[in-house]
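The figures here come from the full heavy-atom set of this structure, side chains too, leaving out hydrogens, waters and symmetry mates. Just so it is clear, the model here is predicted, and its values are computed rather than measured.
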Amino acid sequence: MNLPQAYLALVLLATPLGSPLTTIFAYWALAGGIFMALSSKKSENEEKTVIPDAMLGIPIAILIISRALPIMRWGGIMGLGADSAAYYLNFNRCLETFASCAATPIALFAYPSSAIGMGPETALITLALCAQAGLAAMLYVAAKEYSSRNAAFWSLMAFALSLPQFLTYWSFFLNMEIAMAFTLCAMVAYQRRSPYAALWATAAGIIHFVTFVPLAITLLGLVIIDKEKQRYGMMILGISLLGTLIYQFPAIAGYAENAASYAVGTYGREKALFLAGHFVNFSFYHSALMLFYLPFALYALAQGIRSEKLSFMGIYALVTIALVALNSIFHNRFILLFDIAAIMLAGETIKIFYGILLRNRVSKACGYLLFLALAGYTLYESARMEPLMDKREFAEVKALAGRYGALPIFVNSPTYRQFLEGYGGHPAIASSFAREPWRTGKTEALIYNARRSGAFEPHGDPRYGKISDRVWKYEP
């Protein structure tokens, strides 16, 4: 397969068919323009230009500012997504019962953090920032290992400007971020034929099983393709697969049940959203998240296919985009893994494109303006990202903790469920209020009027007592 055919096939595979035609055409136009630019003769400037170490300060500064803005603007953990509440709950459970830490190993951080007087919320913010720093650092190291120092710089820059990766951080997909960093560690170790590749791959599987799945498929692909490392690859795959399955054994039945349910389609709407994976769909990923680096990544991937020398990351990218395109179980989560692969692959071709821009003053000026626009837009989106709850609502929910026993709390929006369980301390049930579902249990219950959903009004019914602005207590 020649380069244009391979590139066209990849562009079509990555086309968001559910998006409006304007989005599809814009994506195709960008892909076509980048292909024509990269297919021209390489610039001599690109070969001679060495990016100084001080330049690393630019993507690092963008990362620090964009990640700090939501916390600084909205205050602490409240400025981040709903999954923070699930980790808050896991941290507290881990402190109560050591055995419960096994479900979320990073909750063990609760012990040293509490020993030095750090509260769960502060500990979680610290972990979230450290996870981003670790992921960015490993991306740079992996890109440098598989490509070059200049390419690694551009991969780090793409990561800093990536809205999907910012959204991963904001959504508080902490386990997934850490597992992604361990995956990159495994890739670097594999390239060096280090036995530690098995350790890093196993760590990824222990922290987040869904992230381990495409890694295991990639390792299997390398065993089949790379004859030189076949025995080594079999050893790494075998050890990591065995270690992951042993640790995840209690949860394997649940994964198998979900996979079987997804395969035959025997699930309701709420289950369908869960099985798709808690992240944006592929169309939104394309249309709203500014994927300037995707065509660069596809071009690099097409070059690998043409030369029949696909790297670890190249095979990983193909595996993850295939899982997304086939609408596999948790396909929305696999978008994030494909995205990190695309960012790493894009570094080499962005480096070449940068050399092309250096050919004359006009294109160089346009390049600087484009960078400023991208950086400005990323920081703007970071600043405007609103939390699920405002400060008053957050205080209202936290005031429920330790009160009213273990009464269930009904909420008319599923996005609030984790906040109510994690910070409110009550089992939450997300359901439409139209039929007043709390009546079916014939027991006392709490009702939360979510700000982003239709309000519930008892209209003077004596069975309802108002606790606060948005919380009611139902007594049959």
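Enclosure of atom OH in Tyr196 is not indicated, since only 12 or fewer non-hydrogen atoms of other residues, nucleotides or ligands lie within 6.0 angstrom. Trp200 CH2: 12 or fewer foreign heavy atoms inside a 6.0 Å radius. The neighbour count for Arg392 CZ, taken as heavy atoms of other residues, nucleotides or ligands under 6.0 Å away, does not exceed 12.
Between Ile207 and Pro105, the closest heavy-atom pair is CD1-CB, 4.2 Å. In terms of heavy atoms, Ala204 sits closest to Thr183 at CB-OG1, 3.9 Å. In terms of heavy-atom proximity, Trp74 sits nearest to Met385 at NE1-O, 3.0 Å.
Ser162 places no side-chain N or O within 3.5 Å of a backbone atom of Ala158 that could act as its donor or acceptor partner. A donor-acceptor pair is defined here as one N or O able to donate and one able to accept, closer than 3.5 Å; such a pair exists between the side chain of His426 and the backbone of Arg403. No donor-acceptor pair under 3.5 Å is formed between the side chain of Tyr299 and the backbone N or O of Ile34.
For the atom pair Ile340 CD1 and Ile343 CD1, the distance stands at 4.5 Å (nearest 0.5 Å).
Ring geometry for Phe312 versus Tyr146: interplanar angle over 60°, hence perpendicular rather than tilted (30 to 60°). Ring orientation note: the planes of Phe419 and Phe394 are nearly perpendicular, at an angle over 60° on the 30°/60° scale. Classified by interplanar angle (parallel below 30°, tilted 30° to 60°, perpendicular above 60°), the ring pair Tyr354/Trp154 is tilted. In this pair, Tyr87 and Phe172 present their aromatic rings tilted. The plane angle is within the 30 to 60° band.
Side-chain atoms of Tyr27 and Thr15 include no donor-acceptor pair closer than 3.5 Å.
In this structure, Cys185 has no disulfide bond (SG atoms under 2.5 Å apart) partners at least two apart in sequence or on a different chain.
For the pair Arg470 and Tyr416, the cation-pi test (distance below 6.0 Å, angle within 45°) is failed.
Between Arg463 and Glu436 there is no salt bridge, since no side-chain N of the basic residue sits under 4.0 Å from a carboxylate O of the acidic one.
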Taking it one step at a time, do Phe334 and Val319 satisfy side chain to side chain contact (heavy atoms under 4.5 Å, CB included)?
CA-CA 9 Å; Phe334 291 132; Val319 168; over 6 Å; no
With side chain to side chain donor-acceptor pair (under 3.5 Å) as the test, would you mind laying out the steps for Tyr377 and Glu381 before giving the verdict?
CA-CA 6 Å; Tyr377 186 65; Glu381 289 294 333; 3.1 Å; yes
